[in-house]
Trainee: 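The structure follows.
Side chains included, hydrogens not; waters and symmetry mates left out as well; all remaining heavy atoms used.
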Amino acid sequence: MKRKLLARFLPYYKKYKWILLFDLFCAALTTVCELILPLIVREITERATSNLASLTITLVLRVGLLYLVLRIIDTLANYYMASIGHIMGARIETDMRHDFFSHLQKLSFSYYDSAKVGKLMSRITNDLFDITEFSHHCPEEFFIAGIKIVAAFAILCTMSVPLTLIVFIAIPPMILVLSIFSRRMKAGFRDSRQQIGELNAGVEDSLLGIRVVKSFAKEPYEEAKFDEGNQKFLKVKSRVYHVMGAFQSCTRLFDGLMYIIVVVAGAIFLIKGKITAGDYVAYLMFVSTLMTSIRRIVEFTEQFQRGMTGIERFSEIMDVEPEIADAKDATVLSDVKGEICFDRVFFSYCDGADVIHDLSLTVRAGENVALVGPSGGGKTTLCSLIPRFYEVTDGKITVDGMDTRTVTLSSLRENIGVVAQDVYLFSGSVRENIAYGKEGATDEEIIEAAKLAGAHDFITELKDGYDTYVGERGVKLSGGQKQRISIARVFLKNPPILILDEATSALDNESEHLVQTSLEKLAHGRTTFTIAHRLTTVKNADRILVLTERGVEESGTHKELLEKGGIYSELYKMYSET
């Protein structure tokens, strides 16, 4: 599992391979400085105990100068590692976050139908925070530890092979025990990340619905729900810290065992004359260096497991294949007239329930078609299939004779404008929200679009005009104002195909009249699909389709369907009586 995760992560080093290599070179330099000191002390001790006359002040000063130079090199190398090395890690984190967000943009509506945005937010932020430390320290710490262990083993073997083997005999069981705890820590971190994702999702849900919460005086309920999730997170974290505590305690135990082995076994070898006093001091210093390195690895293990957990959760999302994507030989849809044909179309959601069954329908270019009927008849679903928000289960949909699956998604959707009942305005200014309809739009184009949508007058009356901040999801504007801004956005886009999904159903009568006037202007000359429950808004449609669970039950003009006395006539009477 770890190999697969690392294989997924390693390509992110490619852009920064020279930085990484120089970082490892600096790590080697700092390691050399640490390994030289025990050898210097050993040499001085040997001369002091065996031939004191050879230990001159000149020699000591030269050795001191050498070590000072090494420490200056160590300082410069450490600065590079701590600064540029960390920046490399931050860049890798940034690259991964970019890829993550880009992948989320490719996933279809069906994925988001069941996904929790709060959990996705947790993955794109919290899960990737640890990547910076992981990507920098992972190769660095293991590289340094490897050099120290191998170099120390080789150097100590030149002094006494038996004593060296006795000292190093504690390392394999230490690695075995620590690896067991390491796996448990990884599982614990994965659970804690999952739980914090659930907690974030709950917080987001509660805060986005704060007006509903307050209107029902449900603050205590929301607090209780949050506390429940918060306590679950605490329990998960507590389990992790128990494992971490055992992990660190075992490390300290092995640390003490190695020291006592060196002290006791080294002293016995010294008494028997198998090593010198200088060797004994060198062993103590090398073991100290080794244990310092092992402690760093142990301390890094927590970060390592956090990083691996982040990579694992990153990979889980990146491995989700977009259900809807461009075909390999997809062409660009251009010069669109707007004729749309449904050819024996079937569609069902992932739960298997049929929504559209064997539907065939042709809509002429520039025709205004209204879709009416009871809820659950598939009106919105039908319109969502045109821009391929969902993929047909069987059959095909063509635009100007071209199967929508054979053209690029971007070119298809650039030619379709959608005005929905639930208007979404991005946090920003009025100008920015309208300009979303066309990249690089000029102020003149934005103002003209607002005028066509009947929004210019109220926008100019706002405090900062077109630069007025609309608030989160447009909360500072009324429903009618938000709807007219969304219409202006589509006017600016100027698509040949238009989908109006109950665009006025949530508005009061005055706002509905203003918005309906704007929509009529917008629909003029475009192929238009209008979904409506307020049947008075579709009286002037070129054709009205009554859509039920059985498919298209009736088709005709408003007058023809009233005269027919069928489903549409009954629906219209019911609406007129309310």
Trainee: Please walk me through it: do R91 and I19 pass side-chain contact (heavy atoms from CB on, under 4.5 Å)?
Mentor: CA-CA 11 Å; R91 286 177 177 174; I19 296 177; 3.9 Å; yes
Trainee: Heavy atoms, side chains only, cut-off 4.5 Å: are L199 and F226 in contact?
Mentor: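 Result yes, sub-4.5 Å side-chain heavy-atom pair found.
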Trainee: Could you check whether any side-chain heavy atom of L107 comes within less than 4.5 Å of a side-chain heavy atom of V320, counting everything from C-beta outward?
Mentor: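 Yes - at least one pair of side-chain heavy atoms lies under 4.5 Å apart.
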Trainee: Take atom CZ of R71 as the centre, draw a 6.0 Å sphere, and report whether it contains more than 12 heavy atoms from other residues, nucleotides or ligands.
Mentor: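 Atom CZ in R71 is crowded, with more than 12 foreign heavy atoms closer than 6.0 Å.
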Trainee: Between I36 and L70, does a side-chain contact (heavy atoms from CB on, under 4.5 Å) hold up when you go through it step by step?
Mentor: CA-CA 9 Å; I36 288 291; L70 290 175; 3.7 Å; yes
Trainee: Hey, mind stepping through L37 and F286 against side-chain contact (heavy atoms from CB on, under 4.5 Å) and telling me if it holds?
Mentor: CA-CA 9 Å; L37 183 60; F286 271 118; over 6 Å; no
Trainee: Checking the side chain of H86 only, and the main-chain atoms of A82 only, is there a donor and an acceptor separated by less than 3.5 Å?
Mentor: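 Side chain of H86 to backbone of A82, a donor-acceptor pair under 3.5 Å: yes, one is there.
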Trainee: Tell me if a side-chain donor or acceptor on S102 pairs with a main-chain N or O of H98 at a distance below 3.5 Å.
Mentor: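 No; judged by distance alone, with no hydrogens or angles, the pair does not exist.
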Trainee: Would you name the heavy atoms of S160 and F269 that are closest together and state the gap between them?
Mentor: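 Closest approach of S160 to F269: OG-CE2, 3.7 Å.
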Trainee: Under the rule for side-chain contact (heavy atoms from CB on, under 4.5 Å), what residues qualify as partners of K493, not counting sequence neighbours?
Mentor: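 So K493 forms a side-chain contact (heavy atoms from CB on, under 4.5 Å) with P495.
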Trainee: Do M159 and I155 come within less than 4.5 Å of each other through their side chains, counting heavy atoms only?
Mentor: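 A side-chain contact exists here, since the closest heavy-atom pair is under 4.5 Å.
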Trainee: Okay, side chain of D191, backbone of V236: is any donor-acceptor separation there less than 3.5 Å?
Mentor: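 It does not hold such a pair.
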Trainee: Tell me whether S411 contacts the main-chain N or O of L333 through its side chain, where contact means a donor paired with an acceptor under 3.5 Å.
Mentor: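 The answer is yes, because a donor-acceptor pair under 3.5 Å joins these two groups.
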Trainee: Do the side chains of F134 and I311 get nearer than 4.5 Å, heavy atoms only?
Mentor: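 They are in contact (side-chain heavy atoms under 4.5 Å apart), so the answer is yes.
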Trainee: Please lay out, stage by stage, how Y466 and I434 fare under the test side-chain contact (heavy atoms from CB on, under 4.5 Å).
Mentor: CA-CA 9 Å; Y466 282 84; I434 297 176; 4.2 Å; yes
Trainee: Fit a plane to each ring of Y12 and F9, take the angle between them on a 0 to 90° scale, and name the class: parallel (under 30°), tilted (30 to 60°) or perpendicular (over 60°).
Mentor: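 Ring orientation of Y12 relative to F9: tilted.
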Trainee: Once you round to the nearest 0.5 Å, how far does CG of N230 lie from NZ of K235?
Mentor: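 NZ of K235 is found 12.0 Å from CG of N230.
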Trainee: Donor-acceptor pairs are to be reported for all side-chain atoms of residues 165-174 against protein atoms at under 3.5 Å, with residues two or more places apart or in another chain.
Mentor:
none

Trainee: Identify the heavy atoms of T30 and I144 that sit nearest to each other, and give their distance.
Mentor: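 Closest approach of T30 to I144: OG1-CD1, 4.4 Å.
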Trainee: To the nearest 0.5 Å, tell me how far L20 CG sits from K14 NZ.
Mentor: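 The CG atom of L20 sits 14.5 Å away from the NZ atom of K14.
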Trainee: So with a 6.0 Å cut-off around CZ of F233, is the heavy-atom count from everything else above 12?
Mentor: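 Yes.
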Trainee: Output yes when a side-chain donor or acceptor of S384 lies under 3.5 Å from a complementary backbone atom of F389, and no otherwise.
Mentor: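 Judged by distance alone, no pair lies under 3.5 Å.
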Trainee: Hey, are the side chains of L29 and D74 touching, using non-hydrogen atoms and a 4.5 Å cut-off?
Mentor: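 Heavy-atom side-chain distance check fails, nothing below 4.5 Å.
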Trainee: Looking at every heavy atom in both A151 and L35, which two are closest together, and how far apart are they?
Mentor: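 Nearest pair, atom of A151 first, then L35: CB-CD1, 3.5 Å.
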Trainee: Under the criterion side chain to side chain donor-acceptor pair (under 3.5 Å), I'd like the reasoning laid out for Y16 against D95: C-alpha separation, chi angles, the key distance, then a yes or no.
Mentor: CA-CA 11 Å; Y16 313 105; D95 292 343; 2.7 Å; yes
Trainee: Go through the side-chain N and O atoms of Y283 and T164 and say whether any donor and acceptor fall under 3.5 Å apart.
Mentor: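 Yes, a side-chain donor-acceptor pair sits under 3.5 Å.
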Trainee: Taking E432 for the side chain and S429 for the main chain, is one N or O donor matched with an acceptor at less than 3.5 Å?
Mentor: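 Indeed, once roles are kept as given, a pair shorter than 3.5 Å links the two residues.
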Trainee: Distance from R239 atom CZ to K237 atom NZ, nearest 0.5 Å?
Mentor: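 Atom-to-atom, R239:CZ and K237:NZ are 12.0 Å apart.
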Trainee: Between N433 (side chain) and F426 (backbone), is there a donor-acceptor pair under 3.5 Å?
Mentor: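 It does hold such a pair.
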Trainee: Could you report the tightest heavy-atom contact between S135 and Y13, atom names first, then the distance?
Mentor: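 So the minimum-distance heavy-atom pair works out to O-OH, 2.5 Å.
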Trainee: Rounded to the nearest 0.5 Å, how far apart are CD1 of I147 and CD1 of I149?
Mentor: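 One finds 11.0 Å between CD1 of I147 and CD1 of I149.
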Trainee: So which atom in Y280 and which in G266 form the shortest heavy-atom distance, rounded to 0.1 Å?
Mentor: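 The pair with the smallest heavy-atom distance is CE1-C, 3.4 Å.
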Trainee: Output yes when a side-chain donor or acceptor of R489 lies under 3.5 Å from a complementary backbone atom of Y436, and no otherwise.
Mentor: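 It does not hold such a pair.
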Trainee: What is the minimum heavy-atom distance between K148 and T31, and which atoms define it?
Mentor: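 Distance-wise, the nearest heavy atoms are CG-CG2, 3.4 Å.
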Trainee: Verify the neighbour count for atom CG of L61: are there more than 12 heavy atoms of other residues, nucleotides or ligands below 6.0 Å?
Mentor: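 Enclosed.
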Trainee: Is any side-chain heavy atom of E93 less than 4.5 Å from a side-chain heavy atom of R97?
Mentor: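 Heavy-atom side-chain distance check passes, below 4.5 Å.
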Trainee: With rounding to the nearest 0.5 angstrom, report the CE to CD1 distance, M285 to I40.
Mentor: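 Rounded to the nearest 0.5 Å, the CE-CD1 separation comes out at 9.0 Å.
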Trainee: Indicate the ring-plane relationship of F22 and F25, choosing parallel, tilted or perpendicular according to the 30° and 60° boundaries.
Mentor: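 Geometry flag for F25 against F22: tilted rings.
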Trainee: Quick one: salt bridge (Lys or Arg N to Asp or Glu O under 4.0 Å) pairs with a partner in residues 267-281, sequence neighbours left out?
Mentor: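 As it turns out, the salt bridge (Lys or Arg N to Asp or Glu O under 4.0 Å) pairs with a partner in residues 267-281, which skip direct neighbours, are R42-D279.
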Trainee: Between D23 and I84, is there a side-chain heavy-atom distance shorter than 4.5 Å?
Mentor: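 Contact flag for I84/D23 side chains = no.
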Trainee: Which distance, rounded to the nearest 0.5 Å, do you find between the OG of S348 and the OH of Y390?
Mentor: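 OH of Y390 is found 12.5 Å from OG of S348.
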Trainee: Just so I know, are the side chains of K15 and I92 near enough to count as touching, which here means a heavy-atom distance under 4.5 Å?
Mentor: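 The answer is no; the side chains never approach within 4.5 Å.
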Trainee: Salt bridge check: are E228 and K225 linked by an N-O gap of less than 4.0 Å?
Mentor: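 No salt bridge links E228 with K225.
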Trainee: So with a 6.0 Å cut-off around OH of Y79, is the heavy-atom count from everything else above 12?
Mentor: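 No.
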Trainee: Does R405 have more than 12 heavy atoms from other residues, nucleotides or ligands lying within 6.0 Å of its CZ?
Mentor: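 Yes.
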Trainee: Is the backbone N or O of R388 less than 3.5 Å from a side-chain atom of R413, with the two atoms forming a donor-acceptor pair by type?
Mentor: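 Answer holds: yes.
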